[in-house]
A.B. asks: 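My questions will all concern the structure given below.
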Amino acid sequence: MIQLYRIIAVTLLLLLTLVGAALNESSSASAALEGLPWGTVNLLVLTDVHSWIAGHERHESNMNVDYGDVLSFVQRLHKFVDSQQEQDMDLYLVMNGDFMDGTGLSTRPPRYLTPLLKQMPFDVINLGNHELYDNATIDFILDEFIPDWNGHYLTSNTLYEPTRQTLGSQYCILRGRASTTLTFGFLFNFQGHSKNTIVENVQDVVRQSWFQHVLVNEEYDTILVMAHMHVTDPLVQIILDAIREHTNCSVAFVTGHTHLRRYEVLDENSVSFEAGRFLDTIGFMSWNPADAAIDSPLSPEEKFPHLFIDTSRDILTEILHATDNSTNNLPTMEGIRLTDKIHTTQGDMGLLKTVGCSPHVYELATPINEKLSLWGLYIHQIIPERLLQTPGKVYVEGTGSLRYDLMNGKILIDDVISVCPFNQTILEVAVDVPATKLLEALGIEVPPHSHGALKPNSILPEGKQLPTWAIATTLNTGILDLDQHYRVLTPLYYADYLKGRIANVTGTPAIDSITVKKADNPKLNESTTDLWKDYIEANWKCKKSESILEIIDPPPPPPIESDEPPPEERPLVVAFFICFIVLGLSAYKKRRMQYFSYQSIPDAKATEALFRKTSQTSAMYQ
C-alpha cells in the first residue's frame, strides 16, 4: 500500500507540474496569439449599426452584445493599454456611419437615438448615407449631435447647403502617446441626399487645396481614412493615389456601406477593412507606422493584422481575459447604466409591446417562391390581403426595403420595425398600364413562350436569390396576366422613379400620385410597416403561454447523497481529476487558438450571401 501511495504521489507531482506549465503558458502567451493582435495603432471598428444598439439577444442568443457591453469592452481595453506604459500603444474606437434606420430606436429626427450614442467614447465618427435623407434629420444632427464630438465627426466631402461649409470637420488628428494619426472621413458619391446637403465627388475633393495642404503641412506618422463605401470601391483607390503623391506612410481604410466582412490589400503599406453590420461584428485592426518607414520584410497582412469579433459576451470576456488574465468580467458600471438606458428608452417609446406571435422564422434571403420566405410572405400574403382585393391592381417594391429576418415566437413592435424600418406611405402612381409595359419599365424581359401569364418574381438577376423588383398580384398566385392593364401601387420612395419610367415606355404623361388609405380606416394613410403590424395583429394571435411570461418556481433540489469514494480510492480519483483538468486546458486552449487565428472569410461570395442580406436596388436600402 505504501508503494502504491508513493507511485501516486510521484504521478500527482508530475501532473501538477504539467498543470502549472499549462496555466503559465496560457497566461503568458502573447496577446497576438490568444487575444488581440496589438500594434502601435489599434482600432476597434463599428460600422452600419443602423440603430441595432440593443443587440440581438431576444431572438439570437449568440449575438447578445449591446452598446452597453461594447462600452464596457472598450473601457476595460483602455485600462489595459494605460497599464502598459512601457509599450507604444494607442487604442481608438471608430464608427463608420449609418447609425440610423434599422430598429424602432431610430426616428426622424433621431431624438431618442443620439442621446444614447453620446454615451459611447467614439474617437472618430464618419457620416453615412442614411443620415442624409431628411432635412429635419440633418438640421437636428447639425445642432444636437455633431458639436458633441469636438471636431471628430468627419464629413470630408459633405456640405451643409445653406452655408456651403462641411457639416462636420474635413479631417482631424488623433494624437496618442505612441502615434499621430491624420484622419479623413469620406462618403461615396451619393446622389439621393436631402436638399439641404451637398455631397461632393470624392475625385474632386482630393484635388482641392485644403486636402493637398493637409497632406503637405500637417505633422503625422500614419493616416486613417474612414470611407463609407465598399471595401474595394474605385473611390478608395482614388483617395489612396492622391495620398501616395505625398507620402508612402501606412494608410488604413475603414470601409462600410455594403454590410460585409471583408479585408483587402491595397498596396504594400495600405489595406481596406470592412466590419459587418447591425452590430453583428466588432472589427479590430492594428499596425505599426514604423513598418512603412523601413524596408520591412512583413507582408501587408502581417503589417495590418485584423479580427472580425462576433458580438457575443462570452467572446468579449475571453478576449479580455486573454489580454489581461486578471480580468474575468466584462461589465463596467457605465456599461450597465447604458444598457439600462437603452431598454428604458425602448419601453418609453412603446417598442416592447407585443404585436403577435410568429409561427415560423421567415428569412430575408430565401427566394420569394420558396416556403418560409420573408418576401414570399409579404408579396403573396400580406400585400394581396391588405391592398389588392380589388381586381386590376399590382404592387411593386424594390427588394432592398425589407431589412431583417422575422423570427418565430413573440413579435414586438421593435421586431416589426426591424423587418420593415422605413414605413413608407403607399401611393398609386399609374393607371391603365399594360403588363408588358410595366415589365419593360422595370427592366424585366418577358421570356418566350410565356403564354400570356408570367411569374415575374421567378426572374432573377444572375447570382441573386431575389429579384430586383418584387411584384405582388392577387392572393397567393404571384401571376401577372400579360394581357391585362393594371393600376400600379408602390411606396413613396420609388414613386417618382416608377412614374418616370412608365411614362417613358408608354409615351403617356405621368399622373399625380394618389395616397392609398387604410381599408378599415380611410382617414389614415396606408404604409409599409403598418401593413406588417396590421397583418400580424389580425392573423398571428398569441396563445396565453406565448403572450404572458409565466414565472415558475423551480422544483426543490433532490436530497444530497454522498458519492464520496472509500478512503483507499481517493488518491486515484484525485489523479484522474487532475488528468481531466490538463486535457480540458489543452482542448480549451486549442479552441481559443482556432478562434483567434481567424483572419478573414476566404469565400467572398459566401460572405456576401451571409452578411449582406440586402439588395443593391438603391443606396437607401444599404
A.B. asks: Applying side-chain hydrogen bond (donor to acceptor under 3.5 Å, both in side chains), run through His50 and Asp101 and close with a yes or a no.
C.D. replies: CA-CA 5 Å; His50 286 289; Asp101 294 335; 5.8 Å; no
A.B. asks: Taking all atoms of both residues into account, what is the closest heavy-atom pair of Trp149 and Lys118, and its distance?
C.D. replies: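 Nearest pair, atom of Trp149 first, then Lys118: CZ2-CA, 4.0 Å.
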A.B. asks: Just checking, is any N or O donor in the side chain of Asn196 or Ser194 under 3.5 Å from an acceptor N or O on the other one?
C.D. replies: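 Per modelled atom types, Asn196 and Ser194 side chains form a pair under 3.5 Å.
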A.B. asks: Report the residues that fulfil side chain to side chain contact (heavy atoms under 4.5 Å, CB included) with Thr529, sequence neighbours left out, ordered by chain and then residue number.
C.D. replies: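 Thr529 satisfies side chain to side chain contact (heavy atoms under 4.5 Å, CB included) with Val416, Ile417, Cys420, Asn423 only.
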A.B. asks: Which pair of non-hydrogen atoms, one from Val231 and one from Glu274, has the smallest distance, and what is that distance?
C.D. replies: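 Val231 and Glu274 have their closest heavy atoms at N-OE1, 3.4 Å.
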A.B. asks: Using ring pair (Phe, Tyr, Trp, His ring centres under 6.0 Å) as the criterion, point out the one residue from His193, His230, His257 that pairs with Phe188.
C.D. replies: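 With Phe188 as partner, His193, His230, His257 yield a single ring pair (Phe, Tyr, Trp, His ring centres under 6.0 Å), made by His257.
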A.B. asks: Does CD in Gln85 sit with more than 12 non-hydrogen atoms of other residues, nucleotides or ligands closer than 6.0 Å?
C.D. replies: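 Yes, the 6.0 Å shell around CD holds more than 12 heavy atoms from other groups.
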A.B. asks: Just wondering, do Ile141 and Tyr153 contact through their side chains at under 4.5 Å, heavy atoms?
C.D. replies: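 When only atoms from C-beta onward are counted, Ile141 and Tyr153 do touch, with a gap below 4.5 Å.
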A.B. asks: Going by heavy atoms in the side chains, are Asp139 and Pro109 under 4.5 Å from each other?
C.D. replies: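 Heavy-atom side-chain distance check fails, nothing below 4.5 Å.
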A.B. asks: Do His228 and Asn96 have side-chain N/O donor and acceptor atoms under 3.5 Å apart?
C.D. replies: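 No donor-acceptor contact under 3.5 Å links the two side chains.
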A.B. asks: Test your reading of the model: is there a side-chain donor-acceptor pair from Thr155 to the backbone of Gly168, 3.5 Å cut-off?
C.D. replies: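 Answer holds: yes.
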A.B. asks: Measuring only between side-chain heavy atoms, which start at C-beta, is Ile243 closer than 4.5 Å to Phe211?
C.D. replies: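 The answer is yes; the side chains approach within 4.5 Å.
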A.B. asks: Please work out whether the ring planes of Tyr263 and Phe273 are parallel, tilted or perpendicular, with thresholds of 30° and 60°.
C.D. replies: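 Perpendicular, since the angle between the ring planes exceeds 60°.
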A.B. asks: Taking side-chain hydrogen bond (donor to acceptor under 3.5 Å, both in side chains) as the definition, give me every residue that meets it alongside Thr166, ordered by chain and number, with sequence neighbours left out.
C.D. replies: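 Thr166 satisfies side-chain hydrogen bond (donor to acceptor under 3.5 Å, both in side chains) with no residue once adjacent residues are dropped.
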A.B. asks: Got Arg108 and Tyr133 here, is their nearest side-chain heavy-atom distance under 4.5 Å?
C.D. replies: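 Of all side-chain heavy-atom pairs linking Tyr133 with Arg108, at least one is under 4.5 Å.
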A.B. asks: State whether the number of non-hydrogen atoms from other residues, nucleotides or ligands found under 6.0 Å of Tyr160 atom OH is greater than 12.
C.D. replies: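 More than 12 heavy atoms, drawn from other residues, nucleotides or ligands, come within 6.0 Å of this atom.
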A.B. asks: Quick check: does any side chain N or O of Asn201 sit under 3.5 Å from a backbone N or O of Gln203, one acting as donor and the other as acceptor?
C.D. replies: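 Looks like no, no N/O pair under 3.5 Å.
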A.B. asks: State whether the side chain of Arg313 and the backbone N or O of Asp69 hold a donor-acceptor pair below 3.5 Å, judged by distance alone.
C.D. replies: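 Flag not set: sc Arg313 to bb Asp69 has no pair under 3.5 Å.
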A.B. asks: So does Phe284 get a backbone contact from the side chain of Asn42, meaning a donor-acceptor N/O pair under 3.5 Å?
C.D. replies: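 Answer holds: no.
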A.B. asks: Below 4.5 Å, heavy atoms only, C-beta onward: do Glu301 and Val271 meet side chain to side chain?
C.D. replies: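 With C-beta onward as the side chain, the pair stays apart.
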A.B. asks: What is the distance from atom CD of Glu334 to atom NZ of Lys341, rounded to the nearest 0.5 Å?
C.D. replies: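 One finds 10.0 Å between CD of Glu334 and NZ of Lys341.
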A.B. asks: Got a donor-acceptor contact below 3.5 angstrom from the His246 side chain to the Val216 backbone?
C.D. replies: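 No: the side chain of His246 does not pair with the backbone of Val216.
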A.B. asks: Could you name each residue pair satisfying ring pair (Phe, Tyr, Trp, His ring centres under 6.0 Å) that touches residues 57-76, not counting sequence neighbours?
C.D. replies: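 Qualifying pairs: none.
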A.B. asks: Does Ser106 use its side chain to pair, donor to acceptor, with the backbone of Thr103 at less than 3.5 Å?
C.D. replies: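 Looks like no, no N/O pair under 3.5 Å.
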A.B. asks: Using the test ring pair (Phe, Tyr, Trp, His ring centres under 6.0 Å), find all partners of Phe186 that sit at least two apart in sequence or belong to another chain.
C.D. replies: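 Expected list: none.
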A.B. asks: Look up atom CG in Leu412 and atom CG in Leu352, then write down how far apart they are to the nearest 0.5 Å.
C.D. replies: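 So the CG of Leu412 and the CG of Leu352 are separated by 6.0 Å.
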A.B. asks: Got a sec, which residues hit salt bridge (Lys or Arg N to Asp or Glu O under 4.0 Å) with Glu245, two or more places apart in sequence or on another chain?
C.D. replies: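 Applying salt bridge (Lys or Arg N to Asp or Glu O under 4.0 Å) to Glu245 gives Arg207.
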A.B. asks: Is there a side-chain contact between Leu46 and Ile282 (heavy atoms, below 4.5 Å)?
C.D. replies: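 In short, these two side chains touch, coming nearer than 4.5 Å.
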A.B. asks: Can you find a heavy atom in the side chain of Leu43 that is under 4.5 Å from one in the side chain of Leu224?
C.D. replies: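 In contact.
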A.B. asks: Side chain to side chain contact (heavy atoms under 4.5 Å, CB included) with Asn288: which residues, sequence neighbours excluded?
C.D. replies: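 Applying side chain to side chain contact (heavy atoms under 4.5 Å, CB included) to Asn288 gives Thr40, Asp291.
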A.B. asks: For the backbone of Met63 and the side chain of Thr311, can you confirm whether one donor and one acceptor N or O come within less than 3.5 Å of each other?
C.D. replies: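 Judged by distance alone, no pair lies under 3.5 Å.
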A.B. asks: Roughly how far apart are Leu167 CG and Glu131 CD, rounded to 0.5 Å?
C.D. replies: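 Spacing of CG (Leu167) from CD (Glu131) equals 10.5 Å.
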A.B. asks: Roughly how far apart are Leu351 CG and His343 NE2, rounded to 0.5 Å?
C.D. replies: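 Atom-to-atom, Leu351:CG and His343:NE2 are 11.5 Å apart.
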A.B. asks: Find the distance between CE (Met407) and CD (Glu60) and round it off to the nearest 0.5 Å.
C.D. replies: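 Met407 CE to Glu60 CD: 3.5 Å, rounded to 0.5 Å.
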A.B. asks: When you measure from the side chain of Gln424 to the backbone N and O of Tyr493, does any donor-acceptor pair fall under 3.5 Å?
C.D. replies: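 Yes: the side chain of Gln424 pairs with the backbone of Tyr493.
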A.B. asks: If you take the centroid of each ring, where Trp contributes its six-membered ring, are Phe145 and Phe99 closer together than 6.0 Å?
C.D. replies: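 Here the rings of Phe145 and Phe99 have centres that are less than 6.0 Å from each other.
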A.B. asks: Among all residues two or more places apart in sequence or in another chain, which pass the side-chain hydrogen bond (donor to acceptor under 3.5 Å, both in side chains) test with Glu264?
C.D. replies: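 Applying side-chain hydrogen bond (donor to acceptor under 3.5 Å, both in side chains) to Glu264 gives Arg262.
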A.B. asks: The criterion is ring pair (Phe, Tyr, Trp, His ring centres under 6.0 Å); which residues satisfy it with Trp52, sequence neighbours excluded?
C.D. replies: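 His56, Phe278, Tyr404.
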A.B. asks: I'd like a table of donor-acceptor pairs (distance under 3.5 Å, sequence neighbours excluded) in which one partner is a side-chain atom from residues 176-185, with atom names and distances.
C.D. replies:
from, atom 1, to, atom 2, distance (Å)
Arg177, NH1, Val81, O, 3.4
Arg177, NH2, Val81, O, 3.1
Arg177, NH2, Gln84, O, 2.7
Arg177, NH2, Gln87, O, 3.2
Ser179, OG, Asp90, OD2, 2.7
Thr183, OG1, Thr181, O, 3.3

A.B. asks: State, without any angle test, whether Asn135 and Lys195 hold a side-chain donor-acceptor pair at a distance under 3.5 Å.
C.D. replies: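 Not at all, the side chains of Asn135 and Lys195 share no donor-acceptor pair under 3.5 Å.
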A.B. asks: With a cut-off of 6.0 Å (strictly less than), are more than 12 heavy atoms of other residues, nucleotides or ligands near NZ of Lys79?
C.D. replies: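 No, because the 6.0 Å sphere around NZ of Lys79 holds 12 heavy atoms or fewer from other groups.
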A.B. asks: What pair of heavy atoms forms the shortest contact from Leu105 to Ser51, and how long is it?
C.D. replies: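 Shortest heavy-atom contact: CD1-O, 4.1 Å.
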A.B. asks: For Pro121, enumerate each residue passing the side chain to side chain contact (heavy atoms under 4.5 Å, CB included) test, keeping only those at least two apart in sequence or located in another chain.
C.D. replies: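 Applying side chain to side chain contact (heavy atoms under 4.5 Å, CB included) to Pro121 gives Leu71, Val74, Leu93.
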A.B. asks: Test of understanding: with salt bridge (Lys or Arg N to Asp or Glu O under 4.0 Å), list the residues that count as partners of Arg244, not counting sequence neighbours.
C.D. replies: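 In terms of salt bridge (Lys or Arg N to Asp or Glu O under 4.0 Å), with neighbours along the sequence ignored, Arg244 is linked to Asp267.
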A.B. asks: How far apart are the closest heavy atoms of Pro297 and Glu302, and which atoms are they?
C.D. replies: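 That closest heavy-atom pairing would be O-OE1, 4.4 Å.
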A.B. asks: So Leu215 and Ile223, do their side chains get closer than 4.5 Å, heavy atoms only?
C.D. replies: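 In contact.
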A.B. asks: Distance check, rounded to the nearest 0.5 Å: Met100 atom CE versus Leu132 atom CG?
C.D. replies: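 Interatomic distance, Met100 CE to Leu132 CG, rounded to 0.5 Å: 10.0 Å.
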A.B. asks: Please check this pair: side chain of Thr258 against backbone of Leu260, looking for a donor-acceptor N/O pair closer than 3.5 Å.
C.D. replies: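 Not at all, since once roles are kept as given, no pair shorter than 3.5 Å links the two residues.
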A.B. asks: Name all residues meeting the side chain to side chain contact (heavy atoms under 4.5 Å, CB included) criterion together with Glu200; count only those two or more places apart in sequence or in a different chain, and write none if there are none.
C.D. replies: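 Applying side chain to side chain contact (heavy atoms under 4.5 Å, CB included) to Glu200 gives Asn157, Leu159, Ile198, Val205, Gln208.
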A.B. asks: Over all heavy atoms of both residues, which pair between Ser418 and Arg403 is shortest? Give the atoms and the distance, please.
C.D. replies: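 Smallest interatomic distance, heavy atoms only, reads O-CB, 3.6 Å.
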A.B. asks: Please find the pair of heavy atoms, one from Val94 and one from Met226, that lie closest to each other, and give the distance.
C.D. replies: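 That closest heavy-atom pairing would be CB-CE, 3.7 Å.
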A.B. asks: Under 3.5 Å, is there a donor-acceptor pair between the side chain of Thr425 and the main chain of Ser527?
C.D. replies: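 Not a single qualifying donor-acceptor pair exists.
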